[in-house]
Protein chains: 2
Amino acid sequence: MEPLDTMVLLKNKQLKKTAVRSDLLAILSEKKAPCDAMELLIKLRKKYGRLNKTTVYRQLQTLTYKKILKTIELGEGKKRYELKTDHHHHLICRKCKNIKDVRLKNDLSREESIITEKYRFRVIEHSLEFFGICRNCS
Amino acid sequence: MEPLDTMVLLKNKQLKKTAVRSDLLAILSEKKAPCDAMELLIKLRKKYGRLNKTTVYRQLQTLTYKKILKTIELGEGKKRYELKTDHHHHLICRKCKNIKDVRLKNDLSREESIITEKYRFRVIEHSLEFFGICRNCS
DNA sequence: ATCTTTGCAAAAGTTTTGCATATCC
DNA sequence: GGATATGCAAAACTTTTGCAAAGAT
């Protein structure tokens with residue numbers, strides 16, 4: 001993924017460019033899998049020593065509300081966050097718990113049309129995750 | 001869905017047929033959408049007045065471990081459970097939060113083959129959820 | 001008789017809220 | 001200056017654990 005232009009992103013969404021927020025977005029733009037709140041807190045604390053978890057949670061809320069981030073849950077009992085850039089799915093290894101982003105050619109638009117017609121349900125987005133055993137664990 | 005033969009199910013899995021467990025499975029077999037722990041606790045308490053939440057959580061753990069139930073998370077910050085019968089997906093309304101089961105013709109086996117080959121990731125199962133606006137809310 | 005299940009209390013893990021202070025534009 | 005962001009403490013919410021008592025085969 002190309003480096004994120006945090007400045008532009010934040011201005012467009014009427015958010016202030018605070019140091020923590022920029023770094024949080026930078027971390028997410030470099031990751032190839034969704035992050036949870038604690039992971040972000042720990043990484044950010046290397047630079048912002050006494051950063052509070054509340055701040056992280058609030059940033060995640062705000063950025064999700066502004067549609068810069070997307071929330072997903074993978075059955076772990078906690079939320080994960082990723083940049084709402086290109087659409088992709090996840091491979092979650094049941095053994096090592098590693099998560100990997102993948103892109104599929106099939107964008108499920110046929111299925112979404114069927115759902116719209118048959119159930120009169122207007123699809124905004126979908127979430128598709130694959131659970132199994134990764135190459136390292138098999 | 002045809003009524004669940006709880007007796008057979010439990011015997012096959014070497015679980016005792018306790019009243020609470022049978023009723024929990026009965027509730028899930030009648031539902032057309034996945035349940036969370038509190039919903040089950042409240043329903044079960046109508047019959048078992050002082051049923052403890054720990055019991056429900058433990059049943060859910062056990063039945064999931066025995067592969068009678070499947071856990072899903074839909075971005076609500078809590079787990080939901082459903083019988084592991086026929087494979088299906090969910091429509092989640094962003095307004096009224098209603099959840100509906102749907103069956104699709106496409107079982108994504110083509111995508112799973114691609115993932116197996118390209119990433120050497122052995123898919124065990126997948127989870128596909130559609131988020132949008134239901135007919136009542138649009 | 002033995003193994004499983006349950007209740008109760010306590011704790012753990014994740015996320016949210018209130019309020020005072022600090023920071024950004 | 002006025003709106004937004006942050007730190008801290010406390011609480012809310014979901015889920016888990018330890019242990020003793022009760023129940024099932």
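Note: hydrogens, waters and symmetry copies are ignored here, and every other heavy atom, side chains too, is used. Proteins get letters first, then strands, A, B, ... in listed order; numbering begins at 1 in each.
Summarising the geometry, the separation between CG on B:Leu40 and C1' on D:dT14 is reported as 14 Å, rounded to the nearest angstrom. In this structure, CE of B:Met38 is placed 7 Å from P of D:dT14, rounded to the nearest angstrom. In this structure, A:Asn52 places its CG atom 17 Å from P of C:dC19, rounding to the nearest Å. Residue B:Glu76 contributes atom CD, which lies 15 Å from atom C1' of C:dT14 at whole-angstrom precision. One can place CZ of A:Arg58 at 19 Å from P of C:dT14, the figure rounded to the nearest angstrom. Whole-Å rounding puts the B:Leu74 CG to D:dT14 P distance at 14 Å. Rounded to an integer number of Å, the gap from B:Gln61 CD to C:dA12 P is 17 Å. Going from atom NZ of A:Lys78 over to atom P of D:dT16 covers 13 Å, rounded to whole Å.
Within 6.0 Å of the CZ atom in A:Arg120, the count of heavy atoms belonging to other residues, nucleotides or ligands does not exceed 12.
Of the candidates D:dT6, C:dT6, D:dT25, the closest approach to any side-chain atom of A:Val20 belongs to D:dT6. Here the nucleotide nearest the side chain of A:Tyr57, chosen from C:dT14, D:dT17, D:dA24, is C:dT14.
Each of B:Tyr81 and A:Thr55 was matched to the nucleotide of DNA chain D holding its nearest heavy atom; the match closer to the 5' end belongs to A:Thr55. Nearest-nucleotide mapping onto DNA chain D: of A:Gln59 and A:Thr54, the residue sitting toward the 5' end is A:Gln59.
In this structure, B:Glu111 and B:Leu108 have side chains that are in contact, with non-hydrogen atoms separated by less than 4.5 Å.
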Could you go through A:His89 and B:His126, starting from their C-alpha distance and side-chain angles, then the distance that decides it, and tell me whether this counts as ring-ring contact (aromatic ring centres under 6.0 Å, His included)? CA-CA 11 Å; A:His89 307 103; B:His126 68 250; over 10 Å; no
Could you walk me through whether B:Thr71 and B:Arg80 satisfy the side chain to side chain contact (heavy atoms under 4.5 Å, CB included) test, starting with their C-alpha distance in whole Å, then the side-chain angles of each, then the deciding distance to 0.1 Å, before giving a yes or no? CA-CA 6 Å; B:Thr71 304; B:Arg80 288 184 175 271; over 6 Å; no
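In this structure, A:Arg50 reaches the sugar-phosphate backbone alone: every heavy-atom distance under 4.0 Å involves primed, P, OP1 or OP2 atoms, never a base.
Between the side chains of A:Glu125 and A:His87, no donor N or O sits under 3.5 Å from an acceptor N or O.
The phosphate of C:dT6 (OP1 or OP2) has a side-chain N or O of B:Thr18 nearer than 4.0 angstrom.
Judged by atom type and distance alone, A:Thr62 does not reach the base of D:dA5 through any side-chain donor-acceptor pair under 3.5 Å. In the interface, the side chain of A:Lys53 is paired with the base of C:dT15 through a donor and an acceptor atom under 3.5 Å apart.
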